[in-house]
Structures are given as structure tokens and as C-alpha cells.
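Remember, it's a predicted structure, so these values are computed and weren't measured experimentally.
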Amino acid sequence: MEEIRIECPDIFDYEQCLAYLKRDENEVLFDIVDDKIYRAIKIDDIKLLLSISYERHYLIVEILNDISISPENTERLVNFIEEWFDFSADLSLFYQYGRKNEILEPLINELYGLRLIRIPDFFEAISWGIIGQQINLTFAYQLKKRLVESYGEKMTFENKSYYIHPTVDVISKITVKELMDLKFSRRKAEYLIDVAKIIHSQMLTKDMLLNMEDKVEIEKTLVNIRGIGPWAAHYVMMRSIGVKNAFPIGDVGLQNALKAILNLEQKPSKEQMIALNKGWEMWSSYATFYIWRAPYIKK
DNA sequence: AACCAGGTACCTA
DNA sequence: TAGGTACATGGT
């Protein structure tokens, strides 16, 4: 069996990352058993079933479905994992900056080593951004589960099923009614299928956004698409594009977490959010990710 | 039983 | 430009 070892960055806590990944029972794109992550992915059209575990500062990646892959594909696989766990970020810089902020300082201590878990698959990130709009996370996970199980590719290993997120190729060809049958609202069904068509036609690609210098330009490009507003644009920028200073200002979860941390009577206003963001501006994405975790820190 | 969920597009004035 | 509303459904 192939085994790949990936060295972790200095500041890295596998348990913190796992805790985030475990946040919902209905997650379908990976499974966690005994601190080992199981996930199906597709690389260069080859389906792989991976297990990922941690051992003395290395991630150990095993390919369970008895396939040997080329050196190029091994590199692609390593890139995927490193992107998923955001290994390229220099957390020492975030911490140095964030410790000066009274909201972030305790979070950095509690969550030390947590990395911003990314969504490398661009369409998966947009899909999740559209699904998550306005509804509670429980329902959002249910919708995603139905979408993935209906239209994603399935792998079976030792009597368990693993799914790969549906491709734009598949989703661009389905109907609004099919998604409404999965309890998507008509609007969300339209948004998702339309975005799939746009990406499928290459009018929008992840590379296109990665090559843009300016955050504002990326945001404008995303917001221009029906179904992606300011919140979803920033969400995709932080989770998939790797923008360091994205800030989903309208995010209710973020607002409620800040309300609790600051002991406010009401959720912070847009103006308050903008003011708070000044305290971590260069690192808004990480600040957001850490604040999202705040309600789950056990005292 | 209302009201709120990791919002957005669309309508009116 | 600003303000109001529908949207599908689950949790509290």
C-alpha cells in the first residue's frame, strides 16, 4: 500500500483541525474514525480513497484502494492535502499580529495550531456558499448530503460508502425541479445550476481568480454571478481562493459569536463589524475562522 | 407558535 | 439609493 508522508508546518495542531472537521454528523465528504480521516478524491480522473492520520509532525496519507499513482499525481495529491489544511500560511505572523487584539488573543491561546480548513474544489466551495445562505447549518448539511449522494461519485470500501462532490459537468445538466425535490428552494436550485454552467463553460475558473492581484477584483467577479452576494463572495475567497483578508461581514454566525464574546445586547451592526475588522484587517480570514470556533471552545 | 438560521435577488418609490 | 419581501425547512 502506498504511503505518503507530508511534513507539517511548525505551528500545527492536528487535534484542533480534527475538532473543526468533526463539527457536523451529516458531513458526507469525509469520515473520521479514531482520529483518522477517510476521504475519496479524484486526481487526474483517478479515484482514490485516502486515509489521513498524524504522527510526530507528519501527516500520513495512505491510498486504500490498491492503486499506485505516478509521481506527478502524487505531487497533485500532496498539493491537495497541503491546500486543504492551509499549510502555506505563516501562522506566526497571524499570531504576532492577532495577540495585540483583545478578541483574538484568548482565541489564539485556545485554538493554537488550528489552520483555516480550506475547500480546494472551487465548485464545492461555491456550492456550499450557496447552500449555506440564510438557513441553519443543520439544514445546510442535509441539503449538501442529498446533493452529494444524488449526484456525486461513490466509492465503496469495506462496506462503507465514500462520496466525491458532484462536478459542474453533472450539475450543469440537471433540472431545477430535481434539486427542489431535494428541498432546495427554487432560487438556490437555479443559482447552483447556473453557476455550474458558467464554470463548465470556462467563463469562470479558480485559476482566473487566483491570478487576480486585487481582492476587490475577485470580489467583483464573484458578486457579478447571480446567487453570489457579498457574503458568499468573501466566503469563497477565504475558503477556496486563499485570500487572507476576506471578511464575510453579513455572516450571522460571526455576528452572534462576536455578540457573545463582547457581551453585547444585540448583534453588532454593520458599522461595528467594520470597526472590529480594523483590529485584524490583514488577517480577516483567519480572524473570522477563529471567531467561528469561539462558541465551541469548552471552558 | 413565532422567530431565527453561516443571504440574495427582486420589486417599489 | 433605500427599504421591504419571498424563499424551504429545521431548531428552539
- Item | A/H165 and A/F123 aromatic ring geometry - parallel, tilted or perpendicular at 30°/60° bounds | perpendicular

- When rounded to whole Å, the CG to C1' distance for the pair A/L137 and B/dC4 reads 13 Å

- Note on the structure: Residue pair A/K188/A/T138 against DNA chain C: nearer the 5' end by closest nucleotide is A/K188

- Note on the structure: Tightest non-hydrogen contact, residues A/Q255 and A/P268, listed as O-CD, 3.3 Å

- In whole angstrom, what separates A/N256's CG from B/dC3's P? 17 Å

- Query: For the base of C/dG10, is there a side-chain donor-acceptor partner from A/N136 under 3.5 Å away?
  - Reply: yes

- Residues from residues 127-135 of chain A sitting under 4.0 Å of DNA chain C, heavy atoms only? A/Q134, A/I135

- Please give, in whole Å, the distance from B/dT8 C1' to A/I249 CD1? 16 Å

- Message: Without decimals, in angstroms, what is the distance between A/F139 CZ and B/dC4 P?
- Response: 18 Å

- Task: Might you confirm whether atom CD of A/E105 has over 12 heavy atoms from other residues, nucleotides or ligands at distances under 6.0 Å?
- Result: yes

- Note on the structure: A/L147 atom CG is separated from C/dT9 atom P, nearest whole Å, by 16 Å

- Message: If the threshold is 4.0 Å, N to carboxylate O, is there a salt bridge linking A/R293 and A/E110?
- Response: no

- Point-to-point distance, once rounded to the nearest 0.5 Å, from CG of A/L137 to CD1 of A/I135: 8.0 Å

- Message: Are the side chains of A/D35 and A/S53 in contact, using a 4.5 Å heavy-atom criterion?
- Response: no

- Query: Roughly how far apart are A/H200 NE2 and A/D194 CG, rounded to 0.5 Å?
  - Reply: 14.5 Å

- Pick base, sugar-phosphate or nothing for A/A232, based on heavy-atom distances below 4.0 Å to the nucleic acid. sugar-phosphate

- Aromatic ring centroids of A/F157 and A/Y38 under 6.0 Å? no

Are there any protein N/O atoms within less than 3.5 Å of an N/O atom in nucleotides 9-11 of chain B, and if so, which ones and at what distance?
| from | atom 1 | to | atom 2 | distance (Å) |
| --- | --- | --- | --- | --- |
| B/dA9 | OP1 | A/G227 | N | 2.8 |
| B/dA9 | O4' | A/Y191 | OH | 3.3 |
| B/dC10 | OP1 | A/R226 | NE | 3.1 |

- Task: For residues A/Y296 and A/Y20, establish whether the separation of their ring centroids is below 6.0 Å.
- Result: no

- Write down the distance between CG (A/L182) and C1' (C/dC7), rounded to a whole number of angstrom. 17 Å

- With the side chain defined as heavy atoms from C-beta on, A/K183 is closest, among C/dA8, B/dA5, B/dG7, to C/dA8

- Message: Taking any heavy-atom pair under 4.0 Å as a contact, classify A/Q255: base, sugar-phosphate, or nothing.
- Response: nothing

- Can you tell which of A/Y163, A/Y162, A/W84 makes a ring pair (Phe, Tyr, Trp, His ring centres under 6.0 Å) with A/F30? A/W84

- Look at the rings of A/F87 and A/F12 and say which category their plane angle falls in: under 30° parallel, 30 to 60° tilted, over 60° perpendicular. perpendicular

- Message: From CD of A/E190 over to P of B/dT8, roughly how many Å is that when rounded to an integer?
- Response: 16 Å

- Using Watson-Crick or G-U wobble pairs with both distances under 3.5 Å, give me DNA chain B in dot-bracket, 5' to 3', with [ ] for crossers and | for pairs to another strand. .||||.|||||||

